[in-house]
Visitor: 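One structure, pasted below without further comment.
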Amino acid sequence: DAKTTQPNSMESNEEEPVHLPCNHSTISGTDYIHWYRQLPSQGPEYVIHGLTSNVNNRMASLAIAEDRKSSTLILHRATLRDAAVYYCILRDGSSSNTGKLIFGQGTTLQVKP
Amino acid sequence: NAGVTQTPKFQVLKTGQSMTLQCAQDMNHEYMSWYRQDPGMGLRLIHYSVGAGITDQGEVPNGYNVSRSTTEDFPLRLLSAAPSQTSVYFCASSYRDRNYEQYFGPGTRLTVT
């Protein structure tokens with residue numbers, strides 16, 4: 001599985017946008033970019049995923065660079081509830097669907113009131 | 001729907017004891033998996049299953065056994081507990097055709113003394 005690199009930690013103010021970067025320079029053409037987050041003392045939860053085009057859902061937006069070597073998760077208005085560890089994960093879309101996720105260290109997001 | 005449930009929430013074992021961590025889901029998901037999370041680390045895959053009767057090893061399978069006799073249940077057995085197995089254990093499940101969106105349980109915090 002291709003590797004991702006994320007900053008260890010980031011800070012944001014409440015109600016401001018947050019841009020969480022992820023580098024994946026060895027991404028292959030069939031790799032999907034997934035984001036999960038883990039709130040304190042909880043299991044991870046799915047946030048968003050994409051392949052080439054930017055994606056939006058009710059939780060966040062995903063901006064993917066044209067060369068796909070990096071991506072950014074965008075929280076449009078951070079709330080205190082968004083304080084969590086955010087994981088950027090690459091999954092090979094061409095391999096057999098096994099449901100495996102390979103987690104890295106993630107980015108710990110702190111949101112200040 | 002209860003989603004993914006895990007029991008127990010907390011467990012303390014002595015070295016050498018065995019036990020089974022329970023995981024159940026009521027969403028008729030084909031895929032189920034077990035992860036462990038050590039302090040300050042991301043999750044690591046232990047075992048996974050793509051359907052009833054089918055299991056396979058993940059990154060860190062040693063010391064653990066699984067079986068999948070029904071779609072709903074995916075128990076994780078610790079054969080002879082060791083202090084190195086002190087961790088938080090998460091179970092996850094997903095649909096075959098939407099395996100990008102995995103649902104995680106609340107976790108079992110295991111301490112081996």
Side-chain angles (χ1 to χ4, degrees), chain A residues 1 3-9 20 22 24 30-53 55 57-60 62 64 71 73 84-109, chain B residues 2-7 9-10 21 23 25 27 29-51 54-61 66 68 71 74 87-109:
Chain A
D1 298 285
K3 186 175 165 57
T4 63
T5 304
Q6 300 176 251
N8 286 337
S9 62
L20 296 162
C22 181
H24 27 78
T30 55
D31 283 339
Y32 283 77
I33 302 157
H34 296 253
W35 285 83
Y36 278 72
R37 72 179 185 181
Q38 187 174 19
L39 301 170
S41 302
Q42 294 189 26
E45 65 174 338
Y46 168 80
V47 178
I48 201 167
H49 80 288
L51 183 62
T52 56
S53 305
V55 184
N57 66 19
R58 62 175 179 82
M59 288 182 72
L62 176 60
I64 301 172
S71 60
L73 180 70
V85 180
Y86 287 79
Y87 295 100
C88 171
I89 300 167
L90 298 184
R91 290 195 58 201
D92 184 359
S94 69
S95 64
S96 61
N97 288 327
T98 62
K100 293 193 292 184
L101 292 174
I102 307 297
F103 287 81
Q105 298 272 49
T107 296
T108 299
L109 175 66
Chain B
V4 179
T5 58
Q6 293 184 237
T7 56
K9 284 189 167 47
F10 301 93
L21 307 186
C23 174
Q25 51 90 11
M27 298 172 280
H29 286 168
E30 296 92 345
Y31 298 126
M32 296 187 74
S33 49
W34 276 101
Y35 295 83
R36 60 176 287 175
Q37 184 172 34
D38 299 327
M41 306 282 288
L43 283 73
R44 290 183 293 169
L45 183 66
I46 305 172
H47 285 284
Y48 64 95
S49 168
V50 300
I54 307 168
T55 63
D56 206 345
Q57 296 182 348
E59 300 173 79
V60 289
V66 291
R68 182 108 179 261
T71 299
F74 191 42
S87 191
V88 181
Y89 291 83
F90 291 101
C91 179
S93 70
S94 64
Y95 290 110
R96 182 195 302 273
D97 59 354
R98 291 184 61 188
N99 64 58
Y100 54 82
E101 184 172 5
Q102 296 206 11
Y103 296 80
F104 284 79
T108 293
R109 186 174 297 274

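Quantities reported herein were computed from a predicted structural model and do not represent experimental measurements. By convention in this document, chain letters (A, B, ...) are assigned in the order of the sequence lines, proteins followed by strands, and residues within each chain are numbered from 1.
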Visitor: Measuring from atom OH of A/Tyr87 to atom CG of B/Leu43, what distance do you get when rounded to the nearest 0.5 angstrom?
Guide: 6.0 Å

Visitor: If you round to the nearest 0.5 Å, how far is CG of A/Leu101 from OH of B/Tyr31?
Guide: 12.0 Å

Visitor: State the CD1-CD distance between A/Ile89 and B/Gln102, to the nearest 0.5 angstrom.
Guide: 8.5 Å

Visitor: With no hydrogens and no angle check, do the side chains of B/Gln37 and A/Gln38 hold a donor and an acceptor under 3.5 Å apart?
Guide: yes

Visitor: Show your reasoning for whether ring-ring contact (aromatic ring centres under 6.0 Å, His included) applies to A/Tyr46 and B/Tyr103.
Guide: CA-CA 7 Å; A/Tyr46 168 80; B/Tyr103 296 80; 8.5 Å; no

Visitor: If you count heavy-atom pairs within less than 4.5 Å of chain B, which of A/His49, A/Gln105, A/Gln42 leads?
Guide: A/His49

Visitor: Non-hydrogen atoms of chain A under 4.5 Å away: do they reach the side chain of B/Glu59, the backbone, both or neither?
Guide: side chain

Visitor: Nearest 0.5 Å, please: how far is CD in B/Glu101 from CD in A/Glu45?
Guide: 10.0 Å

